[in-house]
Enquirer: 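Please see the structure below; I have some questions.
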Amino acid sequence: MEEDFLNDLNEQQRDAVLYTEGPELVIAGAGSGKTRVLTYKIAHLLQMGYPPYRLLALTFTNKAANEMKNRIAEVVGIETASRLWAGTFHSIFSRILRANADRLGYRHDFTIYDASDSLSLIKSIIKEMQLDDKVYKPSTVQSIISNAKNALIEPHVYAKNRELIEMDTRSKRPLICEIYRIYRHRCFVSGAMDFDDLLLNTNILFRDHPDVLQHYRDLFAYILVDEYQDTNFAQHLIVSQLGKEHNRICVVGDDAQSIYSFRGANIHNILGLSKEYPGLKIFKLERNYRSTQNIVNTANSLIAKNKEQIPKQIFSQKEQGNKVKVISAYSDFEEGFIVSNRIAELRLTTHCRYNDFAILYRTNAQSRTLEEALRKRNIPYRIYGGTSFYQRKEIKDAIAYFRLTINPNDEEALKRVINYPTRGIGNTTLTKLIDRAHESGLSIWNVLDDPKGNGVEVNSGTLNKLQGFKELIESFRLAATRQTTAELAETIVRQSGIMRDITAERTPENISRQENIEELLNGVQEFCTLRQESGEENTTLSDFLAEISLATDQDNGDEAEQDKVTLMTVHASKGLEFKQVFIVGVEENLFPSSMSQESEREIEEERRLLYVAITRAEENCTLTYALTRYRNGQTVSSPPSRFLKELDPRYVDMPAQARQEQPLEERPWRNSFAGEWGRKPFRRDDSDDSRTPAPRPFTAPAPAKRLTRIESRPASDNSSAPQTSATTAAGAIVVGSRICHARFGNGTVSAIEGTGDNSKITVEFDNVGRKQLLLKFAKFTLIE
DNA sequence: TCTGTACAATTTTTT
DNA sequence: ATTGTACAGA
């Protein structure tokens with residue numbers, strides 16, 4: 001087979017693919033076909049005779065990893081592709097750590113603590129040390145520890161690092177290092193590693209066990225790394241350790257898209273690469289295939305303001321296209337209104353599907369207003385990165401039981417479920433157990449094994465309860481040896497009492513919890529089946545846990561098929577592209593974030609972030625800012641972002657500058673704006689009219705008008721309390737009634753149970769599917 | 001020991 | 001506005 005795919009590549013791309021004589025850095029501008037180069041490079045290496053299991057391809061996200069695997073499978077077939085070492089840093093190195101866990105004193109089925117496990121552990125340590133959690137803010141402590149780990153600083157090194165100690169002393173937190181030491185020890189006793197440990201411990205493994213390092217050095221004949229600008233020191237060092245000796249490495253990245261420094265990513269890893277690899281050959285991919293010229297030029301004009309970067313000339317040969325549009329709104333409400341209007345409009349004029357639209361924002365909190373606006377317009381949408389499936393309470397509870405079954409030393413899991421469902425083991429008892437455990441360096445489970453022998457004083461009733469819990473978990477461990485994994489999962493959910501607890505009362509919440517648990521069990525089953533198909537005979541619950549603890553991507557396959565507008569943070573959008581992009585909230589204190597104004601370095605990162613956002617767009621890019629916005633319960637006003645002034649006006653449509661100076665009255669917007677609904681949308685300045693001359697086809701429909709009435713009940717509004725309106729509406733409800741819910745939008749009543757205020761209705765919502773509502777609580781109105 | 005209520009703090013981004 | 005925590009009362 002000839003390498004006919006080479007015809008799919010431009011000259012720069014082809015050079016990058018074919019060069020295999022030494023270390024290589026590919027600077028890949030936004031939309032320049034980076035994934036294509038990586039894919040074909042791997043295909044090329046395979047063709048040269050490298051066996052697939054000797055190629056290591058590292059990415060940053062699961063999404064990127066999957067995409068790469070799929071694209072490679074298309075070129076070389078799934079058989080070969082599945083033998084590659086391709087995945088995220090975290091997944092690949094957790095695999096390697098599991099294989100060598102004994103070298104570090106861990107078991108191969110160690111638990112992976114997610115961010116909330118680690119935060120909760122830090123909280124309890126702070127509490128046990130009787131420190132003030134206002135001085136030692138758990139989240140701050142967590143990020144300090146995380147940064148230390150990413151810089152490969154272990155506690156004993158931390159203690160000797162004058163700079164760090166001085167910093168902690170200055171911020172009146174001299175005991176951080178001690179917390180770190182205890183935290184690390186407690187993770188170890190619990191048989192757990194947190195996210196950062198996966199990288200830190202890999203480095204320790206390689207450092208302390210040269211034979212292991214040598215093994216993987218020999219194994220990986222060629223190393224490819226995507227998004228190198230996002231690597232932190234721990235990742236960078238792993239790559240050098242594995243790749244430096246044979247020098248067959250290819251890293252791809254774009255310094256202009258480095259946006260993860262808050263997580264320890266160091267842009268100098270890529271900027272300083274040529275010093276590290278003397279023969280480093282640099283290729284630049286400068287042709288952008290994604291966006292129109294106006295979009296590319298706008299983005300270039302912005303990023304040009306950054307000082308630290310590798311020089312490159314990104315260009316587009318697509319049509320010039322529309323100018324990038326900047327729109328000013330009075331409030332975040334109006335901003336949502338404008339965006340949803342434009343989506344409706346553009347969908348007609350450009351024949352785009354909803355899938356072609358994305359709304360990008362700086363912070364997750366901004367999604368709310370946008371959701372409301374979209375719902376009013378009946379525009380379907382999907383939010384990326386909300387609370388994912390595995391973050392839901394009932395799922396975390398079930399998983400905590402799974403985790404305990406595999407690893408009873410798992411402290412966080414144990415704390416979570418020792419008294420859920422309620423079994424009379426309260427805080428007092430738990431505290432005794434924990435104190436005892438830590439005094440003797442044991443896990444809580446060890447103490448639980450023999451409370452008396454470990455000196456825990458409890459009355460006999462409590463002792464029985466503890467015994468009962470212990471036996472429960474042990475019965476699961478026994479079941480694990482006799483049942484299939486899917487059966488085991490079901491046993492646990494039932495025997496633990498989770499199922500009983502959430503089926504006790506048939507509230508709408510509980511029904512959705514049950515569905516989630518069902519979905520989890522299906523997930524286990526599906527996972528086992530899938531593994532069986534790929535030749536893995538015995539899939540254990542431990543395998544399942546290992547898989548999901550690193551899965552954060554929530555793009556459910558069938559979800560993605562539906563035609564919906566995408567809402568997500570700019571960070572989450574990296575690597576994606578959309579025909580129509582809206583970037584909202586381009587204001588001072590938001591974008592750039594108020595947290596990032598201290599140094600030029602931080603501002604440069606915010607600038608790169610906006611660069612990433614703009615370069616997601618293929619055809620149209622619209623930036624909006626609101627002069628006032630609801631934040632933490634109150635209205636604040638901020639000027640437009642400084643970045644807007646940095647965009648080259650030749651490629652951008654700006655609203656009249658005078659507008660921005662408009663004095664702001666006190667808030668009445670929120671109330672009065674709703675009243676404007678259904679009439680003409682706000683008209684701000686002439687710039688708006690030239691492009692959207694036609695009378696808007698979508699003035700707000702009548703139902704929406706009514707919806708705004710119940711929603712615009714501000715504290716000051718003394719007209720009707722929401723309860724009243726719901727009760728009034730309730731009386732008239734029949735099957736088939738159309739209702740409008742404050743959160744779920746419009747829907748049709750499909751069933752009614754019970755009477756009066758205690759009755760429950762089932763509603764098929766147009767956008768969010770079936771929900772059950774209790775009349776007593778639900779906020780909705782009858783429409784039509 | 002559990003439950004309910006009141007009050008406080010919180011918010012940048014996430015593998 | 002929501003969420004978590006602290007404290008009081010059962």
Side-chain angles (χ1 to χ4, degrees), chain A residues 58-65 87-94 112-116 118-120 123 127 133-134 137-140 142-143 146 149-150 193-199 226-227 230-232 234-235 258-265 360-369 384-388 390-391 393 419-431 458-459 461-462 465 549-554 568-575 585 589-598 602 605-606 608-610 612-613 629-636 714-715 742-743:
Chain A
L58 295 167
T59 64
F60 199 63
T61 66
N62 293 311
K63 208 163 53 191
T88 63
F89 274 94
H90 290 88
S91 73
I92 295 286
F93 294 112
S94 69
I112 296 178
Y113 274 175
D114 69 13
S116 67
S118 104
L119 188 64
S120 122
K123 270 186 197 160
K127 199 168 230 172
D133 65 359
K134 281 174 197 92
K137 240 176 58 189
S139 56
T140 310
Q142 186 183 31
S143 83
S146 172
K149 288 187 177 182
N150 287 329
M193 297 195 195
D194 69 14
F195 263 149
D196 302 314
D197 285 335
L198 297 178
L199 305 171
D226 192 13
E227 307 275 21
D230 287 331
T231 54
N232 58 37
Q235 292 163 321
S258 164
I259 56 174
Y260 282 106
S261 72
F262 68 91
R263 221 167 59 196
L360 310 181
Y361 35 79
R362 181 64 238 272
T363 67
N364 279 311
Q366 290 167 260
S367 72
R368 246 219 151 90
T369 330
Y384 259 64
T387 34
S388 83
Y390 296 109
Q391 299 297 318
K393 181 189 176 306
N419 200 28
Y420 174 81
T422 322
R423 46 175 76 86
I425 303 173
N427 262 329
T428 324
T429 311
L430 185 57
T431 310
V458 287
N459 62 42
T462 312
K465 291 170 187 164
S549 56
L550 292 173
T552 47
D553 272 356
Q554 47 252 297
M568 60 182 152
T569 63
V570 179
H571 282 89
S573 77
K574 195 164 75 147
N589 302 320
L590 188 58
F591 205 162
S593 158
S594 51
M595 312 296 278
S596 307
Q597 314 229 349
E598 247 125 75
E602 290 173 313
E605 176 141 327
E606 294 283 317
R608 291 193 292 268
L609 196 53
L610 185 56
V612 167
R629 175 176 301 278
Y630 254 40
R631 283 238 250 173
N632 295 345
Q634 39 183 314
T635 316
V636 292
R743 265 193 62 211

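A quick note: this is a predicted structure, and the numbers were derived from the prediction, not measured. Chain identifiers are assigned alphabetically (A, B, ...) following the order of the sequence lines, protein sequences preceding nucleic acid strands; residue numbering begins at 1 within each chain.
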Enquirer: Applying side chain to side chain donor-acceptor pair (under 3.5 Å), name anything that partners A:Arg629, two or more places apart in sequence or on another chain.
Expert: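 Side chain to side chain donor-acceptor pair (under 3.5 Å) check on A:Arg629 returns A:Glu335, A:Glu587.
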
Enquirer: Applying side chain to side chain donor-acceptor pair (under 3.5 Å), name anything that partners A:Lys137, two or more places apart in sequence or on another chain.
Expert: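 Scan of A:Lys137 (side chain to side chain donor-acceptor pair (under 3.5 Å), adjacent residues dropped) gives none.
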
Enquirer: Nearest whole angstrom, please: distance from the P of B:dT15 to the CG of A:Asn62.
Expert: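 A:Asn62 atom CG is separated from B:dT15 atom P by 8 Å.
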
Enquirer: Got a sec, which residues hit salt bridge (Lys or Arg N to Asp or Glu O under 4.0 Å) with A:Asp226, two or more places apart in sequence or on another chain?
Expert: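 Partners of A:Asp226 by the salt bridge (Lys or Arg N to Asp or Glu O under 4.0 Å) criterion, ordered by chain and then number, come out as A:Lys34.
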
Enquirer: Can you check the A:Gln142 CD to B:dT15 C1' distance for me, whole Å?
Expert: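 That distance rounds to 13 Å.
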
Enquirer: Sequence neighbours excluded, which residues qualify as side-chain contact (heavy atoms from CB on, under 4.5 Å) partners of A:Ser116?
Expert: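 Once residues adjacent in sequence are excluded, the partners of A:Ser116 under the side-chain contact (heavy atoms from CB on, under 4.5 Å) criterion are A:Asp114, A:Lys396.
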
Enquirer: To the nearest Å, how far apart are A:Met568 CE and B:dT14 P?
Expert: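 About 11 Å, once rounded to whole Å.
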
Enquirer: If we take the P atom in both B:dT11 and C:dA6, what is their distance in whole Å?
Expert: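 Each nucleotide's P atom is 16 Å from the other's.
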
Enquirer: Report the residues that fulfil salt bridge (Lys or Arg N to Asp or Glu O under 4.0 Å) with A:Lys393, sequence neighbours left out, ordered by chain and then residue number.
Expert: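 Scan of A:Lys393 (salt bridge (Lys or Arg N to Asp or Glu O under 4.0 Å), adjacent residues dropped) gives A:Asp397.
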
Enquirer: Rounded to the Å, how far apart are A:Tyr420 OH and B:dC2 C1'?
Expert: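 The distance from OH of A:Tyr420 to C1' of B:dC2 comes to 16 Å, rounded to the nearest Å.
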
Enquirer: Is there a side-chain contact between A:Lys149 and A:Asp197, using heavy atoms and a 4.5 Å cut-off?
Expert: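 Yes, side chains in contact.
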
Enquirer: Report the distance from atom CG of A:Leu119 to atom P of B:dT14, rounded to the nearest whole Å.
Expert: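 Going from CG in A:Leu119 over to P in B:dT14 covers 16 Å.
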
Enquirer: Would you mind reading off the distance between A:Glu227 atom CD and B:dT14 atom P, rounded to a whole angstrom?
Expert: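 After rounding, the reported distance stands at 15 Å.
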
Enquirer: Which residue lies toward the 5' end of DNA chain B, A:Thr462 or A:Ala115, if each is placed at its nearest nucleotide?
Expert: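 The answer here is A:Thr462.
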
Enquirer: Answer with base, sugar-phosphate or nothing: what part of the nucleic acid does A:Thr429 contact at a heavy-atom distance below 4.0 Å?
Expert: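 Sugar-phosphate, no base atom in range.
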
Enquirer: Would you say A:Thr428 reaches B:dT1's phosphate, i.e. side-chain N/O to OP1/OP2 under 4.0 Å?
Expert: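 Looking at the OP1 and OP2 atoms of B:dT1, one of them is under 4.0 Å from a side-chain N or O of A:Thr428.
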
Enquirer: Between B:dT14, C:dG4, B:dC2, spot the one nearest the side chain of A:Lys123, thanks.
Expert: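 For the A:Lys123 side chain, the nearest candidate turns out to be C:dG4.
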
Enquirer: Have A:Gln142 and A:Ser139 got a donor and an acceptor in their side chains that come within less than 3.5 Å?
Expert: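 Checked: A:Gln142/A:Ser139 side chains show no N/O donor-acceptor pair below 3.5 Å.
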
Enquirer: Expressed as a whole number of angstroms, how long is the span from A:Phe195:CZ to B:dT14:P?
Expert: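 From A:Phe195 CZ to B:dT14 P: 13 Å.
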
Enquirer: Could you run through nucleotides 6-13 of chain B and give me one letter per nucleotide, 5' to 3': B if any protein heavy atom sits under 4.0 Å from the base, S if only the sugar-phosphate is that close, - if neither?
Expert: ----SBBB

Enquirer: Tell me what A:Asn419 touches on the nucleic acid: a base, only sugar-phosphate, or nothing, going by heavy atoms under 4.0 Å.
Expert: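 Since only primed, P, OP1 and OP2 atoms lie under 4.0 Å of A:Asn419, the category is sugar-phosphate.
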
Enquirer: To the nearest angstrom, how far is A:Asp197 atom CG from B:dT15 atom P?
Expert: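 Rounded to the whole Å, the gap is 18 Å.
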
Enquirer: Taking atom P in both B:dT13 and C:dG4, compute the distance separating them and give it to the nearest angstrom.
Expert: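 Looking at atom P only, B:dT13 and C:dG4 are 16 Å apart.
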
